Amino acid sequence: MIAELGLAALWLAAALAALQLVSGVLGLTQRGAVLGEAVRPVAVVQGVLALLAFACLIYVFAVTDLSVKLVALNSHSMKPLVFKIAGAWGNHEGSMLLWVTVMGLGGGFVALVEKRLPERTMLATLAGQAFVSLGFYAFLLIASNPFERLSPAPAEGNGLNPLLQDLGLAFHPPTLYLGYVGLSIAFSFAIGALVTREVGPAFAKAMRPWVLGAWIFLTVGITAGSYWAYYELGWGGWWFWDPVENASLMPWLAATALLHSCGVLAARNALRAWTIMLGVVAFSMSMIGTFLVRSGILTSVHAFAVDPQRGTFILALLAIYIGGALTLFGLRASTVTEGERFAVVSREGALVVNNVMLSAILGIVLFGTLYPLFAEAMGAKVSVGPPYFNPMSALFAGPMLVVLMVGPLLRWRRDQFSRVRRGLVIPAMLVVAAGIGLAFVGGIALLPYLGLALAVGLAWASLLPLKGRNLRRTPLPIWGMVVAHFGIAVALFGMSSESAFSVEKLVAVRAGEAVAVGPWGVKLDTVEPVAGPNWTALEARLLVRYGTDGKVERMLPQSRSFWAPPQQTSESALLTRWNGQLYAVLGGEAPKVDGEKDGRWQLRLWWKPFAPLIWIGGLMIAFGGLLALLGRVATDLRRIIARDKIAYRREQQGR
């Protein structure tokens with residue numbers, strides 16, 4: 001019954017999306033003004049119905065209703081409850097229902113709270129959001145019904161991929177989808193502004209909080225996903241340039257450029273066409289990522305679907321949405337005026353440079369991600385990985401970081417570099433001093449060498465916008481910018497340190513034997529069997545000591561065997577200290593010698609100096625965005641309250 005309720009709610013939500021689209025389009029005409037008044041309440045009800053459908057899906061997973069095909073294929077009665085619930089979106093159909101739910105809620109929230117845009121632009125925006133939602137509703141109901149029944153119901157389910165049976169599944173996909181769907185709202189804003197030809201500061205101020213919110217969730221999602229893959233897959237790396245990893249990075253790069261472009265348009269009424277174009281590109285990257293993950297053309301631990309028909313459906317949606325938006329942009333671009341001019345040496349100029357650099361990195365990642373697919377379609381096997389992505393991205397990331405040190409210090413419209421030159425002396429000296437010091441260390445590759453040196457200078461430069469300010473009265477958006485830019489320096493330092501100074505050991509040891517890895521001594525004490533709720537494992541007890549006088553601590557890496565579905569995984573053990581992280585993975589028993597087991601076990605050990613700074617920096621970047629968002633929202637609320645007070649006084653005076 002619950003599954004049928006969810007399916008009915010999904011159908012009703014789809015019908016309301018169609019009504020919202022029609023009402024919004026007709027509301028733009030004089031004859032359809034009455035229909036236009038229905039768009040906002042329809043959008044709200046649509047979001048509520050989508051949420052009801054998703055709640056029904058969570059329920060059938062929580063109770064393991066095996067008569068629902070999706071539950072039978074992706075769950076098991078012996079799984080812990082948290083993984084049963086997270087399993088609701090740990091599959092193709094469930095993840096797409098989560099997508100449309102967040103999209104419906106996002107559209108409903110916009111309809112409830114957004115009062116700054118002219119009504120015609122708001123109608124066009126909500127119609128655009130309904131148009132996007134309608135395609136995904138059709139995809140779910142036609143090609144990916146999450147509530148399909150099985151008759152008869154199986155006695156037990158297949159279970160969830162063991163690699164996904166982790167708390168990361170409860171956190172990583174929802175945050176990413178909130179980011180993706182937030183970009184769909186930015187896309188709808190851009191379409192609405194193009195339709196009504198109302199592109200200006202008011203439009204940018206209305207769109208900016210939604211872009212900022214999407215960017216925050218994308219940042220958190222990418223950071224969480226990186227750490228999840230780092231400790232779960234057992235390979236010791238934090239980024240592999242996997243095509244599905246790139247699928248989340250590309251929207252983030254576009255959203256970062258869009259966020260800064262919105263700031264320029266809101267503050268200085270410049271970059272109008274560029275802002276609209278980035279709104280289209282950012283959501284385009286989300287759609288391309290969706291196609292890559294769910295089309296079946298990729299083999300990855302991240303990918304869900306293996307059905308080419310579903311991929312064709314998504315490809316058709318991509319062509320309709322993105323092709324239509326680009327066509328509309330081409331037809332209306334001439335009506336979008338250039339906006340205010342500015343000098344090259346100005347804050348706008350610095351933001352434009354960084355946007356160009358971000359766009360170049362986006363192009364590099366997009367080409368490197370798609371080229372192997374095109375090559376394979378032509379009958380050739382091509383692998384594109386770090387040897388391409390790292391140096392090519394660094395060509396543009398390096399200059400961007402340098403401009404990032406200078407840009408926040410410049411004035412709007414026009415400035416002189418000589419005015420800020422004195423403030424940049426210390427960051428420049430720090431970069432040079434770090435470069436000289438690292439040269440004496442030796443053995444560091446060029447890219448991590450440059451990254452470490454630039455990170456030190458950027459950390460200092462990111463604090464300079466606070467110089468001379470009363471810190472208690474400094475606006476939250478300024479604090480947000482400072483924290484986010486400082487977070488970039490922290491993350492860059494962690495990435496570069498991990499690359500430059502990591503030590504790896506692959507050994508086979510017996511119980512009682514010890515091995516050194518970096519400053520750590522690691523001793524294998526025992527290997528014992530242990531059991532979990534739906535797995536058994538061999539667990540190694542490692543006794544580790546930092547240096548010669550550190551206290552002895554334990555690490556417990558495991559080699560797990562799941563039975564639903566049958567699969568073996570490695571559960572790494574991590575020991576974090578202020579200056580790095582010790583990482584241990586238990587392999588299998590060492591090969592026999594002369595037909596006899598000799599009691600040795602394979603261990604893979606890493607010492608990763610300052611590696612945790614990668615994820616600490618990522619969270620700082622997101623926190624900086626949150627501070628900026630809270631500051632913008634608080635400012636808007638104060639303006640609304642002040643405006644209402646003025647209106648009330650005028651009303652009283654009129655009486």
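From a predicted model like this one, the values you see are computed outputs, not experimental measurements.
For Trp412 and Phe342, the ring centers are positioned 6.0 Å apart or more. For Phe54 and Trp99, the ring centers sit 6.0 Å or farther from each other. For Phe217 and His172, the distance between ring centers is not under 6.0 angstrom.
Surrounding CZ of Phe623 are at most 12 heavy atoms belonging to other residues, nucleotides or ligands under 6.0 Å away.
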*Hey, mind stepping through Leu183 and Met285 against side chain to side chain contact (heavy atoms under 4.5 Å, CB included) and telling me if it holds?*
CA-CA 10 Å; Leu183 293 180; Met285 294 302 104; over 6 Å; no
*Could you check Leu66 against Leu150 for side chain to side chain contact (heavy atoms under 4.5 Å, CB included), going step by step and ending with a plain yes or no?*
CA-CA 8 Å; Leu66 296 174; Leu150 279 178; over 6 Å; no
*asked:* Between Gln129 and Val110, does the side chain to side chain contact (heavy atoms under 4.5 Å, CB included) criterion hold? Intermediate values first, please.
replied: CA-CA 10 Å; Gln129 186 74 2; Val110 170; over 6 Å; no
*Verdict with reasoning, Trp210 to Phe109, per ring-ring contact (aromatic ring centres under 6.0 Å, His included)*: CA-CA 11 Å; Trp210 303 99; Phe109 195 54; 5.7 Å; yes
*Tell me, with the steps shown, if Ser393 and Ile361 meet side chain to side chain contact (heavy atoms under 4.5 Å, CB included).*
CA-CA 5 Å; Ser393 299; Ile361 296 171; 4.2 Å; yes
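Salt bridge status for Arg268 with Glu340: absent, with no side-chain N to carboxylate O gap under 4.0 Å.
With Ser23 contributing its side chain and Gln20 its backbone, the two residues share no donor-acceptor pair below 3.5 Å. Formation of a donor-acceptor pair under 3.5 Å by the Tyr321 side chain with backbone atoms of Gly135 is found in this model. Remark: the backbone N or O of Asn91 is not paired with any side-chain donor or acceptor of Asn74 at under 3.5 angstrom. Ser184 places a side-chain N or O within 3.5 Å of a backbone atom of Val181 that can act as its donor or acceptor partner. Looking only at distances, no side-chain donor or acceptor of Ser226 sits under 3.5 Å from a matching main-chain atom of Thr223. In terms of modelled atom types and a separation under 3.5 Å, the side chain of Ser75 and the main chain of Ala72 share no donor-acceptor contact.
Rounding to the nearest 0.5 Å places NZ of Lys79 at 8.0 Å from OG1 of Thr64. Between the CD1 atom of Ile216 and the OG1 atom of Thr175 there is a distance of 12.5 Å, given to the nearest 0.5 Å. Here Leu271 contributes atom CG and Asn355 contributes atom CG; the two are 7.5 Å apart, rounded to the nearest 0.5 Å. Separating the CZ atom in Arg632 from the NZ atom in Lys205 is a distance of 9.5 Å, to the nearest 0.5 Å. Atom CG of Leu362 and atom CE of Met250 lie 7.0 Å apart (nearest 0.5 Å). Note that the OG atom of Ser261 and the CD1 atom of Ile276 stand 9.0 Å from one another [nearest 0.5 Å].
Screening Val68, Leu57, Val71 against Pro146 for a side chain to side chain contact (heavy atoms under 4.5 Å, CB included) leaves a single residue, Leu57. The side chain to side chain contact (heavy atoms under 4.5 Å, CB included) with Leu16 is formed by just one residue from the set Val42, Leu134, Val48; it is Val42.
Summarising the geometry of Val199 relative to Ala193, their closest heavy-atom pair is CG2-CB, 3.8 Å, with the distance given to 0.1 Å. Contact detail for Gly108 and Val44: the closest heavy-atom pair is O-CG2, 3.7 Å. Nearest approach of Ala247 to Tyr180, heavy atoms of both residues: O-OH, 3.5 Å. Ala282 approaches Ala255 most closely through the heavy-atom pair CB-N, 4.3 Å. When all heavy atoms of Phe171 and Ala224 are compared, the pair lying nearest together is CD2-CB, 3.7 Å. A pairwise comparison of heavy atoms in Asn269 and Pro201 identifies OD1-CD, 3.2 Å as the closest pair.
Using a 4.5 Å cut-off on side-chain heavy atoms (C-beta onward), Val352 and Trp274 make no contact. The side-chain heavy atoms of Leu258 and Met207, taken from C-beta on, include a pair separated by under 4.5 Å. Between Leu10 and Leu141, some side-chain heavy-atom pair lies under the 4.5 Å cut-off. You'll find the side chain of Leu331 stays beyond 4.5 Å of the side chain of Leu194, heavy atoms only. Within the 4.5 Å cutoff, no side-chain heavy atoms of Ser359 are placed close to those of Val356. Proximity of Ile621 to Trp215: side-chain heavy atoms (C-beta onward) are separated by under 4.5 Å at one or more points. Two residues are said to be in side-chain contact when any heavy atoms from C-beta on lie closer than 4.5 Å; Phe203 and Leu265 meet this criterion. Here the side chains of Trp11 and Leu7 are in contact, with some heavy-atom distance below 4.5 Å.
The aromatic rings of Phe187 and Phe283 sit tilted, their planes meeting at an angle between 30° and 60°.
For the salt bridge (charged side-chain N to carboxylate O under 4.0 Å, His left out) condition, the pairs that include at least one residue of residues 111-137, sequence neighbours left out, are Arg40-Glu119, Glu114-Arg116, Arg116-Asp636.
Legend: residues meeting side-chain hydrogen bond (donor to acceptor under 3.5 Å, both in side chains) with Trp239, ordered by chain and number and at least two apart, are absent. The salt bridge (charged side-chain N to carboxylate O under 4.0 Å, His left out) search around Asp65 returns Arg149, not counting sequence neighbours.
A donor-acceptor pair shorter than 3.5 Å can be found between the side chains of Thr196 and Thr121.
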